[in-house]
Amino acid sequence: MEQPIAVKRLHPNARLPEYGSADAAGADLRVCLDAPVTVAPGETVLLPTGLALELPAGYVGLVFARSGLATRSGLAPANKVGVIDADYRGEVRIALHNHGAEARTVADGDRVAQLVIVPYLTGRFFEADALSDTARGAGGFGSTGTR
């Protein structure tokens with residue numbers, strides 16, 4: 001299902017998110033840089049995209065790693081999954097972390113992350129004295145098996 005998303009260019013060289021194939025869930029996000037940035041091993045840098053988004057109410061933008069970049073170069077979002085709320089109108093920036101052992105350079109226009117737009121539910125939290133029973137119960141962190 002296609003949904004129109006308003007995008008504001010904050011920099012003239014910024015590039016709109018683009019899907020790499022017809023059925024891609026994530027749209028590539030590119031950095032908008034005046035000069036290349038080198039990311040040292042173990043370092044995190046905050047990189048601009050030069051874009052702001054207007055996501056519809058009830059939707060969230062989730063920023064994930066690009067699998068090829070993460071596996072080949074060790075570069076992935078520092079927070080694992082970035083969250084862009086529907087009411088945020090500031091610049092989309094990527095906190096890119098170098099998980100590798102070598103310094104990596106990012107240049108203007110490089111695809112560094114992917115944006116997936118999904119609907120969400122807002123919880124109405126309330127205190128309860130008890131929760132319903134399930135087969136799993138309170139088991140967590142490996143309680144469902146070793147594989």
Side-chain angles (χ1 to χ4, degrees), residues 1-125 131 134-147:
M1 175 171 66
E2 192 171 283
Q3 171 75 37
I5 305 294
V7 180
K8 181 179 180 181
R9 285 183 206 261
L10 304 174
H11 189 282
N13 293 338
R15 294 177 58 180
L16 270 57
E18 297 172 306
Y19 292 97
S21 67
D23 289 326
D28 290 332
L29 293 173
R30 296 175 183 268
V31 292
C32 185
L33 301 171
D34 293 326
V37 172
T38 298
V39 188
E43 181 182 24
T44 299
V45 296
L46 196 56
L47 300 174
T49 64
L51 302 173
L53 304 174
E54 184 175 335
L55 297 173
Y59 287 79
V60 62
L62 300 177
V63 179
F64 293 98
R66 292 192 67 251
S67 57
L69 185 67
T71 57
R72 287 192 295 273
S73 300
L75 295 175
N79 50 347
K80 306 305 179 212
V81 179
V83 175
I84 304 169
D85 295 310
D87 60 352
Y88 177 65
R89 296 294 184 268
E91 181 174 18
V92 174
R93 297 184 295 167
I94 311 300
L96 198 65
H97 183 79
N98 185 348
H99 295 274
E102 299 177 24
R104 300 291 184 185
T105 300
V106 179
D108 182 52
D110 283 356
R111 299 176 298 162
V112 297
Q114 57 182 324
L115 173 68
V116 178
I117 300 170
V118 297
Y120 67 88
L121 300 174
T122 301
R124 183 181 48 80
F125 302 99
L131 303 176
T134 67
R136 183 177 182 175
F141 294 104
S143 66
T144 61
T146 58
R147 290 188 202 199

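These numbers were taken from a predicted model, which means no experiment stands behind them. Atoms considered below: every heavy atom in the structure, side chains included; atoms not considered: hydrogens, waters and symmetry mates.
- How far CZ of Arg66 is from CG of Asp110: 9.5 Å, rounded to the nearest 0.5 Å.
- The structure places CD of Glu102 at 12.5 Å from OG1 of Thr38, a figure rounded to the nearest 0.5 Å.
- Contact of the Pro17 side chain with the Thr49 side chain is not registered, since no non-hydrogen atoms from C-beta on lie closer than 4.5 Å.
- The shortest distance between side-chain heavy atoms of Glu54 and Ile5 does not fall below 4.5 Å.
- Of all non-hydrogen atoms in Asn98 and Ala103, the two that sit nearest each other are ND2-CA, 3.9 Å.
- Between Val106 and Leu33, the shortest heavy-atom contact is O-CD1, 3.5 Å.
- A pairwise comparison of heavy atoms in Pro36 and Thr105 identifies CB-CG2, 3.7 Å as the closest pair.
- Taken to the nearest 0.5 Å, the CG atom of Leu62 stands 8.0 Å off from the CG atom of Leu115.
- Judged by distance alone, the side chain of Asp28 and the main-chain N or O of Arg111 form no donor-acceptor pair under 3.5 Å.
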Could you list the donor-acceptor pairs under 3.5 angstrom formed between side-chain atoms of residues 71-84 and any protein atom two or more places apart in sequence or on another chain?
unit_1 : atom_1 : unit_2 : atom_2 : d
Thr71  : OG1    : Ser67  : O      : 2.8
Thr71  : OG1    : Gly68  : O      : 3.4

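- To the nearest 0.5 Å, atom OH of residue Tyr88 and atom CG of residue Leu55 are 11.5 Å apart.
- A donor-acceptor pair under 3.5 Å is absent between the side-chain atoms of Thr44 and the main chain of Ala95, judged by distance alone.
- To the nearest 0.5 Å, the span separating CG on Asn13 from CG on Asp108 amounts to 6.0 Å.
- Between Pro48 and His11, every side-chain heavy-atom pair lies at or beyond the 4.5 Å cut-off.
- Nearest approach of Tyr120 to Val60, heavy atoms of both residues: CD2-N, 3.7 Å.
- The minimum heavy-atom distance between Pro56 and Gln3, with the atom names listed, is CG-NE2, 3.7 Å.
- How far CD of Glu18 is from CG of Leu29: 10.5 Å, rounded to the nearest 0.5 Å.
- Between Ala25 and Tyr19, the closest heavy-atom pair is O-CE2, 3.6 Å.
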